[in-house]
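Read the structure below first, then the notes.
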Amino acid sequence: MPSSKPNPAEPRSRDADRSQLSILLAARDEFAQHGLGGARVDRIAERADLNKRLIYYYFKSKDDLFLAVLEQAYADIRAAETKLQLRNMEPALAIRRLTEFTWEYYIDHPEFLTLLNSENLHLGRHLAMSSRVQEMNSPLVQTLAEILERGRADGLFRGGIDPVQLYVSIAGMSYFYLSNNHTLSAIFGRDLMTPKARHERLSHMCDVILGYVLRN
């Protein structure tokens, strides 16, 4: 008769998962607030309410922890994009929805932008070492390629559109506006983050992207 005794490894595994999640969340906030250079492992341990030695046990170094935070940030946005089910939408609607989603996600997750700012200051060297990030982004590129091909086959989209270039344009228009809104608002003498300004920006982005992909 099989033993009914609980496996002691299971609670330990759950505890480890919880500890690592707590560390990642605390590190995300620390890196988003202070950047990689200004972040302190002591503060991350305090935020996570865990011993600092446990952080080094799981992640070895601050750089390794920063990469883990970046990978989790990309995993989160890619998972949210998957829930959109873009493949089930009419091509033009799918492109519009992805544009809207990207804008809304960046607004709701400002830490994502600050993490990217910090990694760009370090010339992307952490992400360059990650195979996970490339694997996570490949399905998005494939989905966009399929949507663009469906639109082209239906006579709606022009041909020859690079899905990577298109996504960079969608992300870039949101990223630049939001990450530079303070300086842009000062330069142009208007608050670019009012509800009206944000609505106008999203409408403009959708017009630009759809104006590019749709046939004349």
Side-chain angles (χ1 to χ4, degrees), residues 17-50 52 54-56 58-84 97-137 139-141 167-186 191-195 197-199 201-202 205:
D17 289 344
R18 282 194 293 267
S19 294
Q20 290 182 60
L21 178 59
S22 296
I23 293 168
L24 285 174
L25 291 174
R28 179 201 66 189
D29 294 343
E30 177 73 9
F31 288 130
Q33 184 175 353
H34 300 285
L36 174 59
R40 295 291 178 265
V41 176
D42 286 335
R43 286 198 298 258
I44 294 172
E46 185 177 348
R47 287 175 185 262
D49 195 24
L50 292 169
K52 184 170 72 171
L54 195 61
I55 295 177
Y56 286 115
Y58 288 124
F59 297 101
K60 309 305 179 189
S61 70
K62 188 170 78 165
D63 283 284
D64 286 347
L65 177 56
F66 183 59
L67 174 56
V69 168
L70 288 171
E71 289 177 335
Q72 187 59 54
Y74 273 101
D76 290 342
I77 189 172
R78 296 291 92 93
E81 284 165 347
T82 299
K83 293 178 182 178
L84 299 175
R97 185 68 195 100
L98 179 60
T99 305
E100 293 170 343
F101 165 83
T102 302
W103 171 256
E104 293 159 0
Y105 191 91
Y106 288 0
I107 289 175
D108 292 341
H109 298 84
E111 75 284 353
F112 184 67
L113 302 185
T114 53
L115 288 170
L116 294 188
N117 288 340
S118 185
E119 175 63 351
N120 276 301
L121 287 174
H122 293 271
L123 306 180
R125 64 183 176 87
H126 300 87
L127 290 176
M129 296 184 293
S130 172
S131 60
R132 281 193 62 207
V133 168
Q134 294 181 15
E135 292 169 358
M136 284 187 282
N137 283 286
L140 171 65
V141 173
Y167 183 74
V168 170
S169 293
I170 292 171
M173 285 197 293
S174 295
Y175 177 88
F176 182 85
Y177 186 98
L178 295 172
S179 64
N180 294 278
N181 78 84
H182 298 295
T183 52
L184 292 172
S185 294
D191 185 352
L192 296 179
M193 289 302 288
T194 65
R198 283 159 52 168
H199 174 77
R201 178 60 181 176
L202 178 56
M205 287 166 48

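Closest non-hydrogen pair, Gly35 versus Ser118, comes out as CA-OG, 3.6 Å. Shown here for Leu113 and Ser179, the closest heavy-atom pair between the two residues is CD1-N, 4.3 Å.
For Tyr105, the ring-ring contact (aromatic ring centres under 6.0 Å, His included) partners two or more places apart in sequence, or in a different chain, are Phe101, His109. Residues that satisfy the ring-ring contact (aromatic ring centres under 6.0 Å, His included) test with Phe31, not counting sequence neighbours, are Phe66. Qualifying salt bridge (Lys or Arg N to Asp or Glu O under 4.0 Å) partners for Asp76, counting only residues two or more places apart in sequence or in other chains: none. Applying the ring-ring contact (aromatic ring centres under 6.0 Å, His included) test to Tyr106 and every residue at least two apart in sequence or in another chain returns Phe112. In this structure Leu21 satisfies the side-chain contact (heavy atoms from CB on, under 4.5 Å) test together with Leu25, sequence neighbours excluded. With sequence neighbours excluded, no residue forms a side-chain contact (heavy atoms from CB on, under 4.5 Å) with Asp49. Qualifying side-chain contact (heavy atoms from CB on, under 4.5 Å) partners for Asn180, counting only residues two or more places apart in sequence or in other chains: Phe176, Thr183, Leu184. With sequence neighbours excluded, the residues that form a ring-ring contact (aromatic ring centres under 6.0 Å, His included) with Tyr177 are Trp103. For Ser169, the side-chain contact (heavy atoms from CB on, under 4.5 Å) partners at least two apart in sequence or on another chain are Ile209.
Remark: the backbone N or O of Ala171 is not paired with any side-chain donor or acceptor of Thr102 at under 3.5 angstrom. Proximity of a side-chain donor or acceptor of Lys52 to a complementary backbone N or O of Glu46 within less than 3.5 Å is not detected.
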Please output the side-chain donor-acceptor pairs of residues 120-132 that fall under 3.5 Å, not counting sequence neighbours, one pair per line with the distance.
unit_1 : atom_1 : unit_2 : atom_2 : d
Asn120 : ND2    : Leu116 : O      : 3.0
Arg125 : NH2    : Asp63  : OD1    : 3.3
His126 : ND1    : Glu119 : OE1    : 2.7
His126 : NE2    : Asp63  : OD1    : 2.7
Ser130 : OG     : Glu71  : OE2    : 2.6
Ser130 : OG     : Arg132 : N      : 3.3
Ser130 : OG     : Val133 : N      : 3.2
Arg132 : NH1    : Glu71  : OE1    : 3.4

> Does the side-chain contact (heavy atoms from CB on, under 4.5 Å) test come out yes or no for Ser185 and Met193, once each step is laid out?
Replying inline: CA-CA 8 Å; Ser185 294; Met193 289 302 288; 5.5 Å; no
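Applying the salt bridge (Lys or Arg N to Asp or Glu O under 4.0 Å) test to pairs two or more places apart or on separate chains, those with a residue in residues 101-115 are Arg97-Glu104. Residue pairs meeting the salt bridge (Lys or Arg N to Asp or Glu O under 4.0 Å) criterion with at least one member in residues 21-40, sequence neighbours excluded: Glu30-Arg43, Glu30-Arg47.
When side chains are defined from C-beta on, Phe59 counts as touching Leu24, because their heavy atoms get closer than 4.5 Å. Tyr167 has its side chain out of reach of Val141: every pair of non-hydrogen atoms, C-beta onward, lies at least 4.5 Å apart.
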